[in-house]
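Keep in mind that this is a model prediction, so the values were computed, not measured. Just so it is clear: chains get the letters A, B, ... in the order the sequence lines come, proteins before strands, and each one is counted from 1. Just so you know, these numbers use all the heavy atoms, side chains as well, and skip hydrogens, waters and symmetry mates.
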2 protein chains.
Amino acid sequence: MCPIPVGIKRVAESTIHRLSHYWRVLIALEKEGYKTVSSRELAQREKLTPAQVRKDLSFFGSFGTRGLGYPVTQLKEQVSAILGTNQTWRVALVGVGNMGSALVGYKEFSRQGFNIIKLFDNDQRKIGSFHKGLIISDVRNLEVEIKQAGIEIAIIAVPSAVAQQVMDEIAKGGVKAILNFASVKLKVPGDVCIRNEHMSMELEHLSFALVNKITGKQCE
Amino acid sequence: MCPIPVGIKRVAESTIHRLSHYWRVLIALEKEGYKTVSSRELAQREKLTPAQVRKDLSFFGSFGTRGLGYPVTQLKEQVSAILGTNQTWRVALVGVGNMGSALVGYKEFSRQGFNIIKLFDNDQRKIGSFHKGLIISDVRNLEVEIKQAGIEIAIIAVPSAVAQQVMDEIAKGGVKAILNFASVKLKVPGDVCIRNEHMSMELEHLSFALVNKITGKQCE
DNA sequence: ACTTGTTTGTGAACGATTTCACATGGGCAC
DNA sequence: GTGCCCATGTGAAATCGTTCACAAACAAGT
């Protein structure tokens with residue numbers, strides 16, 4: 001909702017989101033052999049305006065060369081450092097059900113440095129068993145085991161009814177970043193950052209679009 | 001990005017999103033026995049301002065009674081009609097892999113009227129077999145079978161590399177609403193509405209928050 | 001019926017984000 | 001070294017979204 005303080009200035013939520021896009025484009029450009037790239041080219045690939053690209057980047061520093069553009073590899077690394085994707089993160093996943101299992105197997109997470117290293121569930125039949133090489137721990141030990149493993153990010157993939165409860169334990173465990181797949185609004189301590197992945201809401205947006213005959217670009 | 005024309009006026013993207021939230025709250029309120037609800041109460045439950053709630057709703061009509069508030073059941077139904085969740089939708093899922101399987105089993109979709117009635121994959125070993133009661137069709141028949149089944153919404157859960165290709169077939173099949181789980185920007189015809197579920201990007205947002213020591217509320 | 005209290009609906013003010021437009025400065029050719 | 005070209009970086013303007021503040025309207029009580 002409100003902008004995010006970084007240092008003194010404030011970044012727009014949307015800027016961070018676009019940064020993720022830039023990062024992906026830069027990786028692609030590097031593969032394609034580009035040495036430098038202009039804000040125009042970068043913008044075209046993401047259907048944005050060149051001005052937007054320059055504003056976004058200039059917020060974090062002066063990465064380009066006038067008359068030339070941005071050095072691809074270098075910018076890629078700088079964006080990566082800003083996003084924190086130049087390091088690996090220790091991730092715990094709570095709820096090894098339908099969705100949870102899929103997320104454990106989701107290659108892209110680990111490929112980008114998000115390593116799921118702990119699994120939790122409340123089902124006695126699952127606890128103690130292995131899932132894709134990881135043992136499933138009892139959710140009742142969340143707080144302790146999260147601390148021991150030095151978990152930095154937690155993914156909540158439990159039924160909505162117990163999500164808040166799980167959330168509270170995770171917070172007690174000192175985790176400051178949470179990705180929530182349960183479709184409820186969770187109460188979080190002031191120093192915890194939570195992102196919601198509300199899949200049903202995206203479908204509702206689509207049905208809204210269909211009912212109201214929204215077209216194409218206007219819908220994203 | 002840009003606002004969405006509904007009739008003549010334009011709705012903000014964020015308004016639609018909040019409408020989904022209101023709908024959920026209204027369902028809960030109805031269960032709790034509320035007959036009417038004020039914008040203040042509604043706002044509190046979603047951590048918004050009363051003015052925001054009134055602006056959002058007033059965009060679509062005049063649903064409340066001054067001095068009293070909004071009639072819960074009636075408003076719930078009106079919001080539902082606006083969102084298109086008062087009807088059922090025929091959904092196809094392409095890519096019965098890790099994520100795809102999880103989505104088929106995701107109860108909340110069907111509970112809200114989004115019925116996955118067709119599955120597609122390109123893996124010969126899967127084609128023809130049953131998955132949760134649905135037969136898996138050959139992705140090469142996408143266009144035809146989608147038309148035959150009268151599919152209205154498609155979910156793309158295939159590897160990024162083939163997502164665009166699948167997208168094109170879906171568009172040929174006449175589907176106007178797409179939920180995309182592949183982490184690439186897809187080119188879509190002007191009259192197709194696409195929503196992206198980029199899970200890695202949410203994690204990147206979290207790692208950004210951790211690196212930059214963003215706190216709590218500022219992060220959502 | 002009149003008055004009082006409450007809450008909606010909305011124009012106007014405000015704040016945030018995007019786009020514009022141009023001065024600035026580096027590369028490159030001669 | 002000089003001059004031209006080009007793309008960045010950035011204030012200023014425009015657009016978009018949120019909040020404020022209040023008039024209008026309805027309910028309830030007397």
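Listed candidates were D:dG17, D:dA7, C:dT10. Nearest to the side chain of A:R66 is D:dA7. The listed nucleotides are C:dG9, D:dA7, D:dG17; the one nearest the side chain of B:S14 is D:dG17. Nearest nucleotide to the A:K55 side chain, out of D:dG9, D:dA12, D:dA25: D:dA12.
Atom CZ of B:R54 and atom P of D:dC22 are 13 Å apart (whole Å). The distance between atom CG of B:L57 and atom P of C:dT8, rounded to the nearest whole Å, is 9 Å. One atom, CG of A:D56, and another, C1' of C:dT17, lie 10 Å apart when rounded to the nearest Å. As a whole-Å value, the separation of B:L75 CG from C:dT8 P is 11 Å. Rounded to a whole Å, the CD atom of B:Q78 is 15 Å from the P atom of C:dT8.
Taking all atoms of both residues into account, the shortest heavy-atom contact from A:V37 to A:L26 is CG1-CD2, 4.3 Å. Among all heavy-atom pairs drawn from A:V211 and B:Q87, the shortest one is CG2-NE2, 3.7 Å.
Side-chain N/O atoms of A:S39 include one lying less than 4.0 angstrom from OP1 or OP2 on D:dT8. Taking only side-chain nitrogens and oxygens, A:Q52 never comes nearer than 4.0 Å to OP1 or OP2 of C:dT17. Contact check, B:Y70 against C:dT6: no side-chain N or O comes under 4.0 Å of OP1 or OP2. Applying the 4.0 Å criterion to OP1 and OP2 of D:dT18, one finds that B:R18 has a side-chain N or O inside that range. A close approach under 4.0 Å does occur between a side-chain nitrogen or oxygen of A:S62 and OP1 or OP2 of D:dG9. Contact annotation: B:T65 side-chain N/O to C:dT8 OP1/OP2 distance is not under 4.0 Å. Dashed line: the shortest gap from a side-chain N or O of A:R10 to OP1 or OP2 of C:dA16 is not under 4.0 Å.
With a 6.0 Å radius and a threshold of 12 heavy atoms from other residues, nucleotides or ligands, B:E46 has its CD atom above the threshold.
Both A:A51 and A:G67 lie close to DNA chain C; mapped to their nearest nucleotides by heavy-atom distance, the more 5′-ward contact belongs to A:A51.
Without hydrogens or angle criteria, A:E143 side chain to A:G173 main chain gives no donor-acceptor distance under 3.5 Å.
Judged purely by distance below 3.5 Å, without hydrogens or angles, the side chains of B:N98 and A:Y106 never pair a donor atom with an acceptor atom.
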